[in-house]
2 protein chains.
Amino acid sequence: MVNVLTMKLEQFTKFSVAERARLDKLVELPRQTYAAGQAIFEEGAKVNSVYLIVEGVAARRKTLPNGDRQTMGFLIPGDLCELEVFILSSMDHDLVAICETTCIVIPMTIVRELLTESSTLTRALWWSTMADHAMLRSRIIDQGCRDGYERLSHLFYEMLIRYRLVGMADDDSFPFPSTQSQLGEATGMTAVHVNRTLQRLRSEGLVDFSNKRLFVRDPARLKQAACFESNYLHLERTERQTDVSHRAGDLV
Amino acid sequence: MVNVLTMKLEQFTKFSVAERARLDKLVELPRQTYAAGQAIFEEGAKVNSVYLIVEGVAARRKTLPNGDRQTMGFLIPGDLCELEVFILSSMDHDLVAICETTCIVIPMTIVRELLTESSTLTRALWWSTMADHAMLRSRIIDQGCRDGYERLSHLFYEMLIRYRLVGMADDDSFPFPSTQSQLGEATGMTAVHVNRTLQRLRSEGLVDFSNKRLFVRDPARLKQAACFESNYLHLERTERQTDVSHRAGDLV
DNA sequence: CGTTGACTTGACGGAAGTCAAAAGGTGTGG
DNA sequence: CCACACCTTTTGACTTCCGTCAAGTCAACG
């Protein structure tokens with residue numbers, strides 16, 4: 001099995017043979033599998049390891065006292081979670097598997113080693129969390145000044161980009177095993193309205209959401225419908241590549 | 001002048017005399033002052049220093065192609081910005097002074113020294129960025145499933161907590177030099193609707209927004225109106241304190 | 001004292017929520 | 001293999017929060 005994390009980080013930087021080997025060795029670590037709907041972490045949990053999703057999809061979700069729920073983002077293969085475990089003492093939200101999901105569990109000690117051994121790795125991991133931030137900011141923009149149609153399109157296009165990054169969307173389709181209500185929780189709309197919006201997106205020939213997969217029929221028009229900005233994720237990087245690696249010289 | 005950054009970080013951890021001195025020495029660094037409305041950074045800028053706000057208020061703001069604007073958060077004295085400059089090559093949004101604002105400019109070299117010299121400092125700074133993340137997540141929740149009244153209350157209560165942290169809201173009032181439209185940009189509502197909501201909050205005796213200050217008349221009821229969760233910011237920490245410092249032993 | 005920008009107020013319309021019920025899938029057990 | 005329960009998806013009718021437009025007030029400022 002190819003190490004999906006390595007694949008992702010290499011979009012951002014070039015690793016030495018040793019570093020690459022170090023990363024690839026992570027796949028030998030113990031794994032943990034969660035059933036659909038099962039919580040990986042619950043709010044308030046103390047987390048002692050970093051988790052790397054290798055299969056499936058998980059959602060960061062907050063349940064409010066009144067029962068409302070909001071999904072703050074989806075995690076797909078190649079995503080790390082709770083790197084911040086070093087600092088925060090407990091989770092302020094849940095992490096839930098939305099289909100059968102497998103994680104590699106990376107003990108704190110190993111993460112610590114990675115961080116001290118190689119500054120390239122440190123930067124790559126830091127970049128990964130920064131990209132996560134950028135996604136959060138972008139979601140705020142989304143919900144602040146876009147309507148449901150744009151929000152849903154945006155979510156879909158973002159997922160497309162992210163799946164491409166780990167080589168899982170070469171035919172412009174990818175797994176999306178969530179229900180329409182779950183889509184609603186992620187975009188701040190009701191299931192009913194998600195449904196109507198999906199119908200519109202389908203009738204316009206932009207996407208097809210069926211069989212727990214999303215089929216992007218027209219990436220270019222979807223991107224437009226989403227008001228998607230290239231490079232907002234700091235993910236769609238091509239020319240930027242050189243830029244970053246040169247900057248690397250400045251670092252610790 | 002007291003170092004407002006030290007004050008803030010000490011809510012989170014205890015520093016040694018040397019570390020404290022190191023932080024306090026930052027106040028000797030050169031300062032930069034921006035007029036109201038002036039951009040501190042613009043989207044696309046390459047940033048080479050970390051900025052510490054010591055006076056005034058700034059807004060992280062994104063302007064969309066269609067002219068819509070969204071404010072993703074306010075920065076107040078004691079807040080650091082662009083710690084992530086180590087990684088990302090350019091800003092994906094603007095940072096704008098909303099009144100006369102003064103920053104201490106901390107060159108990359110100094111930040112690098114701080115990070116290598118002391119792991120306590122490293123953790124404190126990391127914590128600071130994690131708290132920023134928590135705020136972003138909370139704003140997503142806010143906009144996803146709360147109405148305008150709750151969103152505005154939430155913003156106000158959050159600012160109260162943050163100003164208290166730096167000792168600037170001891171009488172439950174603090175500077176808020178923004179217009180009603182700017183409030184709208186931050187909460188995803190129109191200026192007209194902000195206005196009506198402010199009137200409601202005033203008539204209910206929760207807050208008063210005048211003279212470029214916010215007066216919180218009834219913190220407890222405001223917190224309730226905001227559906228505010230204690231500790232969501234990882235800021236309202238009292239008993240947690242010990243918890244974190246003990247965990248500190250585990251770190252690099 | 002005219003101009004400008006912020007605040008206030010009212011009338012109207014539309015995007016999206018709510019409620020409710022039918023239609024379509026899926027898994028379980030008899 | 002059918003029947004049943006259960007959960008999603010779909011559809012329609014109604015409501016409401018909030019945006020839009022527009023006009024009017026007020027204070028600051030040159």
Side-chain angles (χ1 to χ4, degrees), chain A residues 35-37 59 64 66-71 96 98-100 142-155 176-204 207-215 225 227, chain B residues 35-38 57 59 64 66-71 96 98-100 142-155 175-203 207-215 225 227:
Chain A
L64 301 177
N66 67 15
D68 277 359
R69 288 198 297 211
Q70 175 71 27
T71 292
V96 181
I98 65 174
C99 62
E100 185 168 296
D142 239 41
Q143 309 217 332
C145 44
R146 302 214 246 255
D147 63 19
Y149 176 78
E150 292 167 323
R151 288 206 297 276
L152 204 53
S153 308
H154 199 277
L155 174 61
F176 211 136
S178 75
T179 65
Q180 295 185 3
S181 331
Q182 286 169 332
L183 277 182
E185 284 169 15
T187 52
M189 44 211 284
T190 59
V192 173
H193 199 236
V194 167
N195 184 282
R196 295 195 233 264
T197 308
L198 280 175
Q199 289 178 46
R200 180 172 161 207
L201 284 169
R202 187 176 319 131
S203 78
E204 292 174 344
V207 307
D208 226 315
F209 180 71
S210 53
N211 280 332
K212 304 200 175 303
R213 277 187 87 78
L214 190 85
F215 300 86
C227 308
Chain B
Q38 198 181 346
V57 183
L64 301 177
N66 67 14
D68 277 357
R69 289 198 296 210
Q70 175 70 27
T71 293
V96 182
I98 64 173
C99 62
E100 186 169 295
D142 239 41
Q143 309 216 332
C145 45
R146 302 214 246 254
D147 63 19
Y149 177 77
E150 292 167 323
R151 289 206 295 276
L152 205 53
S153 308
H154 200 277
L155 174 61
F176 211 135
S178 76
T179 65
Q180 295 185 4
S181 334
Q182 286 169 333
L183 279 182
E185 284 169 15
T187 52
M189 45 210 285
T190 59
V192 173
H193 200 232
V194 166
N195 184 286
R196 296 194 231 262
T197 308
L198 281 175
Q199 290 178 43
R200 181 173 160 207
L201 285 169
R202 187 177 318 129
S203 78
V207 307
D208 225 315
F209 181 70
S210 54
N211 280 332
K212 304 198 176 304
R213 280 187 85 79
L214 190 83
F215 299 86
C227 309

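Predicted model, so just to flag it, every value in this text is computed and none were measured. Residue numbering restarts at 1 for every chain, and letters A, B, ... go by the order of the sequence lines.
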Among C:dC7, D:dT10, D:dA22, the nucleotide that comes nearest once only the side chain of B:Val192 is considered: D:dA22
Nearest-Å distance for atom pair CZ/P, residues A:Arg146 and D:dC18: 20 Å
Rounded distance in Å - CG (A:Asp208) to C1' (D:dT9): 14 Å
Length of the line joining B:Leu198:CG and D:dC18:P, which is rounded to integer Å: 14 Å
Presence of A:Gln199 side-chain N/O under 4.0 Å of D:dT11 phosphate oxygens OP1/OP2: yes
Whole-Å distance separating the CE atom of A:Met189 from the P atom of D:dC18: 17 Å
Ring-face cation of B:Arg200 near B:Tyr149 (centre distance under 6.0 Å, axis angle within 45°): yes
Separation of D:dT16 C1' from B:Tyr149 OH (nearest whole Å): 18 Å
Check: B:Leu214 and B:Asp208 side chains under 4.5 Å, non-hydrogen atoms: no
Most 5' of A:Asn211 and A:Thr197 on DNA chain C, judged by nearest nucleotide: A:Thr197
side-chain contact (heavy atoms from CB on, under 4.5 Å) assessment of A:Leu64 paired with A:Arg69: CA-CA 6 Å; A:Leu64 301 177; A:Arg69 288 198 297 211; over 6 Å; no
Separation of C:dA6 P from B:His193 NE2 (nearest whole Å): 20 Å
Difference in axis direction between the ends of the helix from C:dC1-D:dG30 to C:dG30-D:dC1, five pairs, 10°: 30°
Length of the CD-P vector between B:Gln180 and D:dG19, whole Å: 14 Å
Residue-phosphate contact under 4.0 Å: A:Gln182 side-chain N/O, D:dT8 OP1/OP2: no
Distance below 4.0 Å between A:Asn195 side-chain N/O and D:dT10 OP1 or OP2: yes
d(CZ, B:Arg200; P, C:dT9) in whole Å: 16 Å
A:Asn211 (side chain) donor-acceptor with A:Arg213 (main chain) under 3.5 angstrom: no
B:Thr187 OG1 to B:Gln182 CD distance, which is reported to the nearest 0.5 Å: 11.5 Å
Side-chain (B:Gln143) to main-chain (A:Gly144) donor-acceptor, under 3.5 angstrom: yes
Sugar-phosphate only, base, or nothing, as touched by A:Gly188 at under 4.0 Å among non-hydrogen atoms: sugar-phosphate
Given DNA chain C, 5'-ward residue of the pair B:Arg202 and A:Asp147, judged by closest heavy atom: B:Arg202
Closest-nucleotide 5' rank along DNA chain D - winner of A:Phe209 and A:Arg196: A:Phe209
B:Asp142/B:Arg151 ion pair, N-O < 4.0 Å: no
